[in-house]
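Taking it in order: structure first as C-alpha cells, then the write-up.
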Amino acid sequence: MRGGAIVEPAAARLGAMHPASPPIVTRTPGKINLLLAVGGQYDDGYHKIVNVFQAVDLYEDISVRWAPEWSLHFTGSHSLLVDDDNLVLRAGRLLASRAADLRTASSPENLAAACMVRKRVPIAGGMAGGSADAAGTLVALAKLWRLEVAREQLSEMAAELGADVPFSLVGGTAIGTGRGDRLTAVITRESYHWVLVTQAEGLSTVDVYRRFDELVDDGEIDATGKARALSEAESVVTALATGDPEQLGRHLRNDLQAAAISLRPSLHRTLDEARDLGAVAGIVSGSGPTIALLAGDAHHAAALAQSLLARGHQASVVSSPARGSHVL
C-alpha cells in the first residue's frame, strides 16, 4: 500500500488497452433507519431484521476509469485504511466475474478499473457508507464496461456483498426484511429534515450486534418478533405519509440503540442534550454511533445544528428521502 491506495498487479496483460474514455461517476446516498427491529439469528449468523430505510442526501461519489489493473484511492474528510477486502474492489471483481453473460459487442476484453471514492458518509457510523460505495461501484462499472445488466441482476449481486447494499442501489424509502436485503419500496411524497451528530471514532457493527445478543441473553432487552416488527413498520409508513415530523418521531425505534449506548455511553447524553435543545425526536442510526435528530422543518434543523456545533458536537443538516445510486 502506498499513499492511501491499493494497487493489484494484473496477472497478465492480454490484448490491447481499451480506448481511453472519460470516467464514469456515480452518486449514492447514505441511509438512516427509521425502524430497526432485530430478531433471532439465521444459521449463518445474520440476524432476522425488519427495517424501514430512508436515504439521506449525504452522498458517496464513485469515479471509475478503464485501466489494465485494479487501483483504488479515497478522497474526502474521512480517513480510511484501504485493503484488498474493501467493498469497492469486491464489488468490481464480483461484477467482472459475472461479465461473460453480460457482455455487449462494445465491452472491453479485459475488465479492471481505476476507482476513486469521495467519502462523505461517516466511516463505521451506522449509515451504510461502505454499502453505498459497493452499490455505486456496481452501477459505475456496468456502464464503463458497457455491460447489459438489469437492475434486478445488480440487486442480486448487491445482496452478495452485504445486507444494506441493495437499498443503496434503490434509495428512497423501503421496508427491508430477511437480513434487511429483501426490499419493498415505499412511496413517500414528503421530505423530512434531520441533523446528524457524528463522532470521530466509529463503532464496529459486529461488536454492536454481539453486545445486542449479550443483552438479550441477560434478559435486559427482548428480540423483536416478526409480526410485531412488521406492524411497527406499517406504523412508520403511515406516519411518513402524514408529512408530520411529530407523528413520525413517535414511531422511530432502533433495537440496536441500547447495545450501541452500552458500548458508547456518551450517546445517551447527546440524545438527552438534543431533546433539551428542541429536537422533535432522536435515534441512533443503525449500529451507530451516528445520531439522527428529526427536526420540524429546514429552519429548525439549521438552528438545532448551530446549537449543537456551539456545544462542541460535529453536526450537519440533511434531508430525506434521497435518490438511489445513479450516474452523474
Side-chain angles (χ1 to χ4, degrees), residues 4 27-34 36 51 53-61 74-81 87 117-134 136 162 164 167-168 171 192-209 211 249 252-254 256-295 298 300-322:
R27 177 159 288 174
T28 309
K31 61 82 183 168
I32 55 178
N33 299 84
L34 308 181
L36 176 50
N51 250 322
F53 293 108
Q54 193 159 64
V56 298
D57 59 355
L58 183 65
Y59 300 101
E60 303 278 87
D61 287 352
F74 284 85
T75 66
S77 58
H78 304 298
S79 62
L80 183 66
L81 177 64
L87 274 167
V117 182
R118 178 169 180 79
K119 288 207 68 67
R120 299 182 182 90
V121 178
I123 296 166
M127 293 188 65
S131 296
D133 293 344
D164 288 343
F167 177 72
S168 297
Y192 290 88
H193 303 276
W194 306 83
V195 175
L196 301 180
V197 182
T198 58
Q199 297 193 15
E201 184 181 357
L203 276 175
S204 161
T205 300
V206 172
D207 290 345
V208 173
Y209 270 100
R211 182 59 181 144
L252 300 180
R253 188 169 72 81
N254 178 4
L256 294 182
Q257 182 161 304
I261 289 174
S262 175
L263 295 173
R264 191 73 57 84
S266 62
L267 296 178
H268 192 280
R269 295 190 293 272
T270 301
L271 285 165
D272 285 345
E273 188 176 3
R275 293 188 192 98
D276 291 342
L277 290 171
V280 172
I283 192 170
V284 173
S285 180
S287 56
T290 300
I291 290 175
L293 303 172
L294 182 58
H300 181 207
L304 178 59
Q306 285 298 319
S307 296
L308 288 161
L309 287 166
R311 296 187 177 208
H313 294 285
Q314 301 177 49
S316 59
V317 175
V318 297
S319 61
S320 65

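As a basis for the values below, the full set of heavy atoms in this structure was taken, side chains included, without hydrogen atoms, waters or symmetry mates. One-based numbering along the sequence shown.
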Answer whether the closest heavy-atom distance between the side chains of [X] and [Y] falls below 4.5 Å.
| X | Y | result |
| --- | --- | --- |
| Pro122 | Gln314 | no |
| Ser320 | Trp194 | yes |
| Gln257 | Leu267 | no |
| Ile261 | Leu271 | yes |
| Tyr59 | Thr28 | no |
| Glu60 | Arg120 | yes |
| Asn33 | Asn254 | no |

Checklist entry - Mind checking what makes salt bridge (charged side-chain N to carboxylate O under 4.0 Å, His left out) contact with Arg264, not counting sequence neighbours? => result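 Arg264: no salt bridge (charged side-chain N to carboxylate O under 4.0 Å, His left out) contacts found.
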Checklist entry - Would you call Arg269 and Asp272 a salt bridge, using N to O less than 4.0 angstrom? => result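 Looking at Arg269 and Asp272, the cut-off is not met.
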Item to check | side chain to side chain contact (heavy atoms under 4.5 Å, CB included) between Asp133 and Phe74, worked out | outcome: CA-CA 11 Å; Asp133 293 344; Phe74 284 85; 4.1 Å; yes
Checklist entry - Nearest 0.5 Å, what's the CZ-CD1 distance between Phe53 and Ile32? => result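 Here the interatomic distance stands at 12.0 Å.
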Item to check | Distance, nearest 0.5 Å, that separates CG of Leu36 from CG of Asn51 | outcome: 5.0 Å
Heavy atoms only: give me the nearest [X]-[Y] pair and the separation to one decimal.
| X | Y | value |
| --- | --- | --- |
| Ala274 | Leu304 | O-CD1, 4.3 Å |
| Ser131 | Asp164 | OG-CB, 3.4 Å |
| Val208 | Ala259 | O-CB, 3.5 Å |
| Leu309 | His313 | CD2-O, 3.4 Å |
| Ser168 | Pro29 | O-CD, 4.1 Å |
| Ser262 | Arg211 | OG-NE, 2.8 Å |

Next on the checklist: Can you confirm whether His268 is buried at NE2, in the sense that more than 12 heavy atoms of other residues, nucleotides or ligands lie under 6.0 Å from that atom?
Outcome noted: no
Name the atoms and distances for all side-chain donor-acceptor pairs under 3.5 Å in residues 282-293, with sequence neighbours left out.
unit_1, atom_1, unit_2, atom_2, d
Ser285, OG, Gly126, O, 3.0
Ser287, OG, Thr205, OG1, 3.1
Thr290, OG1, Gly125, O, 2.8

Checklist entry - Is there a donor-acceptor pair closer than 3.5 Å between any side-chain N or O of His300 and the backbone N or O of Gly278? => result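 Present.
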Checklist entry - For Ser319, does its backbone N or O pair with a side-chain atom of Asp57 as donor and acceptor, under 3.5 Å? => result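 At least one qualifying donor-acceptor pair exists.
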Item to check | Sequence-distant partners of Thr270, side-chain hydrogen bond (donor to acceptor under 3.5 Å, both in side chains), two or more places apart | outcome: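 By the side-chain hydrogen bond (donor to acceptor under 3.5 Å, both in side chains) rule, Thr270 matches no residue at all.
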